[in-house]
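Got a structure here, written out as structure tokens. Questions coming.
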Amino acid sequence: MPDVAAKNVRVAILGATGYTALEAIKLLLRHPGVEIVAATSRSEAGKPISAIHQSLAGRLDLKISELSPTELATKADCIFSCLPHGVTADLVPDLLKAGLRIVDFSADYRLDDAATFKEWYDHEHSDPTRLGKVVYGLPELFAEQLQGANLVANNGCYTATAILSLAPLVKANLIETRDIIIDAKSGVSGAGRTAKQNILYCECNESMSAYGVGKHRHTPEIEQIIGRFTGSKIEVIFTPHLVPMDRGILATIYSKPTRAVTQAELLALYREFYKDKPFVTIVDHLPTTKDTSGTNFCHITARVVRGRIITIASLDNLIKGASGGAVQNFNIMYGFPETMGLL
């Protein structure tokens, strides 16, 4: 592990034009142990980063470039890859060979096997031998494995909400693991910055819609990662919804307890499970997306209704669900305080 006290860690942002890249840059700019040395994009190479993200004007004097893994290795120590699904895996072998460490925002290394990846992403995986071996970047569950890791599969946004909500219950053998329903709502930024008809203003404003019913790509990620952490077989019905707000996720999760349980017992279980986790807050009230907007926090509460456990959680999909979680992972990888740059 490098001597982080002796120098800043040099970070390059790949795929620097999207929302998660912008949030990562803003967080890293206030991180005292980081120097942002490169930002890449094939389509926008040569432009100042502030021409793409105007909020960075006067904050980051950097031109977007197109760099090979070898060229990146001469500039950077660590890569934040905000590239689309299926792209990062093409680069990872060469990036690792060049001595770079990587936090991957895509789903390329989240799943356990190539067949599952192809089924849900309709794409042959280009680096299949690493699947199932890469550390999953949810620090609340996998902090020990993150220490010194060279490649981290950063969590998805819906998945972070669902996994943080369900892991304590499954670990305690408190719920039926094949009878879980996840009803989740996300702001429009979760669909990314690329123009699509369903996220045009006139299409999504004053409207709410379900999508990906029974086939959303986060389904196997939720099932596999909870199973990886707890050793249990998990089956969920996951239905996401698009709501007309910029950012945020609110998940309402229904599960069947294996024995009688009270609300007080559930909240005590969650508080004990997350007592040393700085970014998970167990609340008595019903969380809202505004409670966590712009922060790296996840708020969780639980209720018992007609014999079912209802867990409700909120987080910011661009921060705790993506870029803030990535900085949290980065901090643990390099031995920085976990909260550095995030509070």
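Along the sequence shown, the residues carry numbers beginning at 1.
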* Could you list the residues that satisfy side chain to side chain donor-acceptor pair (under 3.5 Å) with T252, not counting sequence neighbours? =>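 None.
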
Could you give the side-chain donor-acceptor pairs of residues 199-211 under 3.5 Å, partners two or more places apart or in another chain?
unit_1: Y201; atom_1: OH; unit_2: N205; atom_2: ND2; d: 3.1
unit_1: Y211; atom_1: OH; unit_2: Y158; atom_2: OH; d: 2.9

* Heavy-atom pair with the smallest gap, counting every atom of D90 and G86 ->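 Closest heavy-atom pair between D90 and G86: OD2-O, 3.4 Å.
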
* Report yes or no: do E221 and T159 form a side-chain donor-acceptor pair below 3.5 Å? =>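 Indeed, the side chains of E221 and T159 share at least one donor-acceptor pair under 3.5 Å.
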
* Ignoring hydrogens and angles, tell me if any N or O in the side chain of N154 forms a donor-acceptor pair with the backbone of A322 under 3.5 Å. =>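 Yes, the answer is positive, given that a donor and an acceptor are paired below the 3.5 Å cut-off.
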
* Asked: With no hydrogens and no angle check, do the side chains of Y109 and D127 hold a donor and an acceptor under 3.5 Å apart?
  ->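 Looking only at side-chain atoms, D127 and Y109 do form a donor-acceptor pair, the distance falling under 3.5 Å.
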
* Asked: How far apart are the C-alpha atoms of R308 and D179, what are their side-chain angles, what is the distance that settles it, and do they pass the salt bridge (charged side-chain N to carboxylate O under 4.0 Å, His left out) test?
  -> CA-CA 11 Å; R308 294 268 178 169; D179 188 6; 3.4 Å; yes

* Asked: Would you say F238 and I249 are hydrophobically clustered, going by side-chain heavy atoms of ILVMFWY under 4.5 Å?
  ->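 Yes: a chain of side-chain contacts under 4.5 Å links F238 to I249.
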
* Working for side-chain contact (heavy atoms from CB on, under 4.5 Å), residues V87 and S106 -> CA-CA 8 Å; V87 178; S106 80; over 6 Å; no

* From I175 atom CD1 to T258 atom OG1, the distance as rounded to the nearest 0.5 Å ->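 It is 8.5 Å, given to the nearest 0.5 Å.
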
* **For the student: nearest non-hydrogen atoms of I253 and A162, plus distance** =>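 Heavy atoms only, the tightest pair is CD1-CA, 3.9 Å.
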
* Asked: Just wondering, do L169 and L269 contact through their side chains at under 4.5 Å, heavy atoms?
  ->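 They are in side-chain contact.
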
* L67 side, atom CG; L14 side, atom CG - distance, nearest 0.5 Å ->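 L67 atom CG to L14 atom CG measures 8.5 Å (nearest 0.5 Å).
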
* Whether R247 side chain and G187 backbone form a donor-acceptor pair below 3.5 Å ->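 Not a single qualifying donor-acceptor pair exists.
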
* To do: Check step by step if side-chain contact (heavy atoms from CB on, under 4.5 Å) holds for T311 and Y270.
  => CA-CA 11 Å; T311 308; Y270 276 105; 3.3 Å; yes

* Backbone N or O of E71 within a donor-acceptor pair of the K75 side chain at under 3.5 Å? ->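 No; judged by distance alone, with no hydrogens or angles, the pair does not exist.
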
* **From CA spacing to verdict: salt bridge (charged side-chain N to carboxylate O under 4.0 Å, His left out), D284, R271** => CA-CA 11 Å; D284 293 316; R271 288 191 170 107; 3.1 Å; yes

* Asked: Do any N or O atoms from the side chain of H299 and from the backbone of H285 form a donor-acceptor pair under 3.5 angstrom?
  ->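 Not confirmed, H299 side chain does not pair with H285 backbone.
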
* Asked: Looking only at atom types and distance, does a side-chain atom of S314 sit under 3.5 Å from a main-chain N or O of T288, one as donor and one as acceptor?
  ->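 Yes, because the side chain of S314 sits within donor-acceptor range (under 3.5 Å) of the backbone of T288.
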
* To do: Measure the acute angle between the ring planes of Y121 and F117, then classify it against the limits of 30° and 60° as parallel, tilted or perpendicular.
  =>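 The arrangement is parallel - the two ring planes meet at less than 30°.
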
* So do the side chains of E140 and Q328 get within less than 4.5 Å of each other, counting heavy atoms only? ->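 The answer is yes; the side chains approach within 4.5 Å.
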
* Value rounded to 0.5 Å, distance of CG in L318 from CD in E23 ->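 One gets 5.0 Å once the value is rounded to the nearest 0.5 Å.
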
* Rounded distance [0.5 Å steps], SG in C78 versus CD1 in I36 ->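 C78 SG to I36 CD1: 11.5 Å, rounded to 0.5 Å.
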
* Just wondering, are more than 12 heavy atoms of other shown residues or ligands nearer than 6.0 Å to NZ in K256? ->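 No, not enclosed.
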
* Asked: Below 4.5 Å, heavy atoms only, C-beta onward: do D108 and H125 meet side chain to side chain?
  ->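 Contact flag for D108/H125 side chains = yes.
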
* Asked: Within the distance-only criterion (no hydrogens, no angle test), does the side chain of T161 pair as donor or acceptor with the backbone N or O of C157 below 3.5 angstrom?
  ->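 Yes; judged by distance alone, with no hydrogens or angles, the pair exists.
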
* Hey, does D291 have a side-chain heavy atom less than 4.5 Å from the side chain of T281? ->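 Contact flag for T281/D291 side chains = no.
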
* Asked: Which atoms form the tightest heavy-atom contact between E66 and R42, and what is the distance?
  ->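 Where E66 meets R42 most closely, the heavy atoms are OE2-CG, 3.6 Å.
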
* Within 45° of the axis and under 6.0 Å from the centre of the six-membered ring of Y334, does NZ or CZ of R101 qualify? ->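 Flagged: R101 positioned over aromatic ring of Y334.
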
* Asked: Are the side chain of R10 and the backbone N or O of E35 linked by a donor-acceptor pair below 3.5 Å?
  ->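 Judged by distance alone, no pair lies under 3.5 Å.
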
* Worked check of side-chain contact (heavy atoms from CB on, under 4.5 Å) between T230 and T177 -> CA-CA 11 Å; T230 63; T177 59; over 6 Å; no

* Asked: Got a second to check how far I225's CD1 is from N155's CG, nearest 0.5 Å?
  ->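 Answer rounded to 0.5 Å: 9.5 Å.
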
* Asked: Is L28 close to V327 at the side-chain level, that is, under 4.5 Å between some pair of heavy atoms?
  ->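 Result yes, sub-4.5 Å side-chain heavy-atom pair found.
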
* Of all residues at least two apart in sequence or in a different chain, which pass the salt bridge (Lys or Arg N to Asp or Glu O under 4.0 Å) check with R303? ->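 Applying salt bridge (Lys or Arg N to Asp or Glu O under 4.0 Å) to R303 gives none.
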
* Closest approach of N331 to L342 (non-hydrogen atoms, all atoms of both residues) ->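 So the minimum-distance heavy-atom pair works out to ND2-CD1, 4.3 Å.
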
* To do: Go through the steps for Q224 and R110 under the test side-chain contact (heavy atoms from CB on, under 4.5 Å), then give the verdict.
  => CA-CA 9 Å; Q224 289 189 6; R110 295 177 191 162; over 6 Å; no

* To do: Side-chain contact test, heavy atoms from C-beta onward, threshold under 4.5 Å: evaluate it for F336 versus H31 and give yes or no.
  =>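 Yes, close enough: below the 4.5 Å cut-off.
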
* **hydrophobic_cluster_shared for I25 and L62, side chain cutoff 4.5 Å** =>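 In one cluster: yes.
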
* **F330 ring center within less than 6.0 Å of F80 ring center** =>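 That pair passes the under 6.0 Å test.
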
* Distance-only polar pair, side chains of T88 and S81, donor-acceptor under 3.5 Å ->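 Side-chain D/A pair, T88 to S81: present.
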
* Asked: Can you name the closest pair of heavy atoms from F105 and A24 and give their distance?
  ->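 Between these two residues, the closest heavy atoms are CZ-CB, 4.3 Å.
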
* Rounded to the nearest 0.5 Å, what's the gap from OG on S50 to CD1 on I64? Could you check? =>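 Atom-to-atom, S50:OG and I64:CD1 are 9.0 Å apart.
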
* Asked: Honestly curious: do L27 and F279 fall in one hydrophobic cluster under the side-chain, below-4.5 Å linking rule?
  ->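 Linked, L27 and F279 end up in one cluster.
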
* What about L315 and F142, same hydrophobic cluster or not, with Ile/Leu/Val/Met/Phe/Trp/Tyr joined at side-chain heavy-atom distances under 4.5 Å? ->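 In one cluster: yes.
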
* Is the shortest heavy-atom distance from the side chain of D104 to the side chain of V92 under 4.5 Å? ->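 No. Closest side-chain heavy atoms not under 4.5 Å.
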
* Asked: Among side-chain atoms of N317 and S189, is any donor-acceptor pair under 3.5 angstrom?
  ->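 Yes, because at least one side-chain N or O of N317 sits under 3.5 Å from a partner of the opposite role on S189.
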
* Asked: For I182 and L166, which heavy atoms make the closest approach, and how far apart are they?
  ->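 The answer is CD1-CD1, 4.2 Å.
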
* To do: Take atom CD of E124 as the centre, draw a 6.0 Å sphere, and report whether it contains more than 12 heavy atoms from other residues, nucleotides or ligands.
  =>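 Open: at most 12 neighbouring heavy atoms sit under 6.0 Å from CD of E124.
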
* With side chains defined as the heavy atoms from C-beta onward, is the minimum distance between K320 and L164 less than 4.5 Å? ->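 Yes, at least one pair of side-chain atoms sits under 4.5 Å.
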
* Under a 4.5 Å side-chain heavy-atom rule over Ile, Leu, Val, Met, Phe, Trp and Tyr, are V280 and L266 clustered together? ->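 In one cluster with V280: L266, yes.
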
